[in-house]
Amino acid sequence: MRIYNTLTNRKEEFIPLTSGKVMMYACGVTVYDYCHIGHARSAIVFDVIRRYLKHKGFDVKYVRNFTDIDDKIINKAQQEGITWDAVAKKYTYEYYRDMDRLGVGRADVEPMATEYIGEMIDIVKGLIDKGYAYEVDGNVYFKVDKFSEYGKLSKRDKEEMIAGARVEVDERKKDPMDFALWKRSKEGEPSWDSPWGTGRPGWHIECTAMSIKHLGESFDIHGGGADLIFPHHENEIAQSEAFTGKPFARYWIHNGFITIDKEKMSKSLGNFFTIREVLDKFDPEVIRFFLLSTHYRSPIEFSDIQLHEAEISIDRYYTTIIRINDFPGTLMVSTSLEKGDKELREVSSNAEKTLETVLLSFRERFEDAMDDDFNTALALGHIFELIRDVNRFLDSKPYSLKAKELLSKAKGLLSEAGSVLNIFSRTPDEWYRSLMEIKKIGLSEKDISDKINQRQDARQKKDWAMADVIRKELEEKGIILEDKKDRTEWKVKVG
RNA sequence: GGCGGCGUACCCAAGUGGCUAAGGGAGAGGUCUGCAAAACCUUUAUGCAGCGGUUCAAAUCCGCUCGCCGCCUCCA
């Protein structure tokens with residue numbers, strides 16, 4: 001398995017520290033507002049990475065934090081006239097509501113920053129003792145100059161950064177590049193006691209404290225959005241490695257951004273969509289599929305057109321599942337076989353061989369794609385190749401017991417691959433019921449079946465005009481009818 | 001100014017040295033159907049921003065040019 005490592009700027013063979021075990025940490029969110037789909041992308045990417053590692057047989061310990069104390073939370077509390085911890089609690093709850101719907105699993109440990117103040121103080125103390133940090137007036141700063149490898153993740157040269165002139169001006173710092181480990185609190189702000197007076201932790205120190213506590217001083221994977229590379233992750237490395245004297249995370253994984261009109265989606269630009277806004281118009285599986293249809297490191301342009309295409313793709317999957325489920329049972333198969341002529345059987349047998357070959361290599365192709373830096377886009381391509389092969393096979397009218405077996409195997413493989421990506425986990429009925437709600441189809445299932453019965457009567461009388469009127473009427477409401485041999489099925493129009 | 005990324009068909013998107021450049025959508029034609037829908041088949045890049053170079057061989061490596069974007073400040 002190869003993973004692209006931001007630290008080395010290349011794909012590397014993944015070898016965990018302890019064979020068979022993977023320790024991974026991903027930066028979560030600051031709980032001060034509703035999440036937007038950029039947060040969804042990051043959460044889904046690391047959710048899939050975790051699922052795939054488990055699928056490969058690794059024993060994974062996954063830690064994802066919540067930042068529950070920070071300037072933005074304090075500001076929000078003032079705006080809303082509630083306490084900072086009420087803000088954190090509210091948006092943690094909303095985070096779970098969104099992520100649960102998107103099928104993002106819970107991490108094994110989900111620490112809140114404020115539960116680790118003691119650990120953070122210990123690390124800051126240790127850094128001062130080792131000469132990597134200094135206190136000024138109740139604030140503690142990390143001495144960037146002392147850490148010679150500073151810039152190794154973001155590939156930045158300290159001198160050039162200062163020349164870039166966009167560094168914050170803070171008179172108390174000995175060097176403009178130094179960053180806060182501990183901040184003295186102002187009047188009325190949340191604070192904790194420390195050896196340097198009352199204050200609160202700087203942003204980066206929480207991840208150092210929580211990852212070391214739960215995963216050890218050195219661990220395998222650390223991830224987050226690409227915008228965290230600098231300064232957040234760079235600073236984490238500096239303070240962690242200065243403190244422990246050991247290499248911190250070994251593989252750094254960063255996901256790309258979502259763009260709107262080619263520009264990064266961000267809160268400050270105001271060009272963002274919250275997860276719940278999008279969930280209002282699209283099924284969660286559609287969003288997940290859409291986000292996985294591009295490689296995790298590439299930017300994704302967010303658009304309704306793309307989401308509609310994702311919806312159509314998923315519908316193609318469920319339509320194929322319906323066809324597999326409709327495949328005649330054993331009884332019908334044997335009757336067909338009695339009737340079937342020799343030629344038909346030979347055709348079937350060729351089709352069987354073809355499908356069988358495809359099935360035998362599917363898992364390998366899926367895993368090859370995922371092994372190559374979690375290439376979900378390619379993996380989905382393989383899934384749709386298999387879907388086409390299954391449909392082709394069904395079109396060849398393969399009436400045999402072997403055919404039944406092959407189809408059931410195909411269904412199993414699709415479902416297995418789907419479970420790694422956490423898509424395709426529902427029944428077609430569930431899919432259409434969900435679409436009925438999201439697309440606000442103003443009909444009940446009873447309404448639809450009544451119409452289908454009416455139309456069936458008309459068709460019996462060969463009153464095609466009437467039958468077509470009913471079909472059209474339903475279509476205008478977003479319901480498509482499909483006439484089969486012995487009955488009529490309905491589905492929700494997609495796209 | 002410094003660092004980094006991207007540019008593949010009408011749209012989205014894999015592919016980063018070597019069989020006929022995945023997959024999805026859209027379009028056109030066809031098979032099937034009372035008509036449809038779905039599905040399948042055929043078709044849509046002799047070419048991967050442009051130019052030049054390395055190589056037996058490049059979308060894939062190197063150089064230059066053009067265009068777009070990101071980071072350097074909170075940010076997934």
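Order of the sequence lines fixes the chain letters, A, B, ..., with proteins taken first and strands second; residue numbering starts at 1 for each chain.
- Aromatic rings of A/His233 and A/His204 (six-membered ring for Trp) have centroids beyond the 6.0 Å cut-off, not under it.
- Nucleotide B/rC66 has B/rG7 as its partner under the Watson-Crick or G-U criteria, with both atom distances under 3.5 Å.
- Look at B/rA14: it lacks any Watson-Crick or wobble partner with both distances under 3.5 angstrom.
- The nearest whole Å value for the distance from the NZ atom in A/Lys152 to the C1' atom in B/rC3 is 18 Å.
- Atom CG of A/Asp261 has 12 or fewer neighbouring heavy atoms from other residues, nucleotides or ligands inside a 6.0 Å radius.
- Counting any heavy atom pair closer than 4.0 Å across all strands shown, A/Arg365 reaches no nucleic acid atom.
- The CG-P distance, from A/Asp483 to B/rA36, rounds to 12 Å in whole Å.
- Rounded to a whole angstrom, the distance from the C1' atom of B/rC11 to that of B/rC3 is 33 Å.
- Counted within 6.0 Å of CD on A/Glu430, heavy atoms from surrounding residues, nucleotides or ligands total more than 12; the atom is thus considered enclosed.
- Here B/rG1 sits opposite B/rC72 as a Watson-Crick or G-U wobble pair (both hydrogen-bonding atom distances under 3.5 Å).
- Here, B/rC10 and B/rG27 have their C1' atoms 8 Å apart, quoted to the whole Å.
- An aromatic stacking contact links A/Trp464 with the base of B/rG34, defined here by ring centres under 5.5 Å apart and ring planes under 30° from parallel.
- Both A/Asp372 and A/Asp395 sit near RNA chain B, but only A/Asp372 has its closest nucleotide nearer the 5' end.
- Checked against the 6.0 Å centroid criterion, the rings of A/His308 and A/Phe282 qualify as a close aromatic pair.
- Shown here, B/rC48 forms no base pair; nothing in the strands shown gives a Watson-Crick or G-U wobble contact with both key distances under 3.5 Å.
- Classification of A/Lys491 and A/Glu482 as a salt-bridged pair holds, one side-chain N sitting under 4.0 Å from a carboxylate O.
- Contact of A/Arg323 with B/rA39 (side chain to base): no donor-acceptor pair of N or O atoms is detected under 3.5 Å.
- When rounded to the nearest whole Å, the span between CD of A/Glu385 and C1' of B/rG24 equals 12 Å.
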With sugar-phosphate taken as primed atoms, P, OP1 and OP2 and all else as base, the protein-contact string of nucleotides 4-11 of chain B at under 4.0 Å (heavy atoms; B, S, -) is --------

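- As the counterpart of B/rG34, no nucleotide is assigned, since no Watson-Crick or G-U wobble pattern has both distances under 3.5 Å.
- Look at the C1' atom in both B/rU42 and B/rG4: the space between them is 44 Å, to the nearest Å.
- Between A/Phe66 and A/Tyr95, the distance separating the two ring centers is shorter than 6.0 angstrom.
- Under the ring pair (Phe, Tyr, Trp, His ring centres under 6.0 Å) rule, A/Tyr34 has a single partner from A/Tyr91, A/Phe272, A/Phe273, which is A/Tyr91.
- Following rounding to the nearest Å, A/Gln460 (CD) and B/rG34 (P) show an atom-to-atom distance of 14 Å.
- Rounded to an integer number of Å, the gap from CZ of A/Arg455 to P of B/rA37 is 12 Å.
- Nucleotides B/rG17 and B/rC56 have their C1' atoms positioned 12 Å apart, rounded to a whole Å.
- Rounded to whole Å, the C1' atom of B/rU44 lies 16 Å from the corresponding atom of B/rC48.
- Sequence order on RNA chain B of the closest nucleotides to A/Thr30 and A/Arg459 puts A/Arg459 first from the 5' end.
- When both distances must be under 3.5 Å, the Watson-Crick or G-U wobble mate of B/rU20 does not exist.
- By the 6.0 Å contact criterion, NZ on A/Lys484 is enclosed, its count of non-hydrogen atoms from other residues, nucleotides or ligands being greater than 12.
- Taking atom NE2 of A/His233 as the reference point, atom C1' of B/rA76 lies 10 Å away to the nearest angstrom.
- Distance check on atom C1': B/rA38 versus B/rU31 gives 13 Å, rounded to whole Å.
- Pair assignment for B/rU43 gives B/rG27, based on Watson-Crick or G-U wobble hydrogen-bonding distances that are each under 3.5 Å.
- The aromatic rings of A/His222 and A/Phe248 lie tilted to each other, with the angle between the two planes from 30° to 60°.
- Nearest to the side chain of A/Ile312, among B/rG70, B/rA37, B/rA26, sits B/rA26.
- For B/rA45 and B/rA14, the C1' atoms lie 15 Å apart once the distance is rounded to whole Å.
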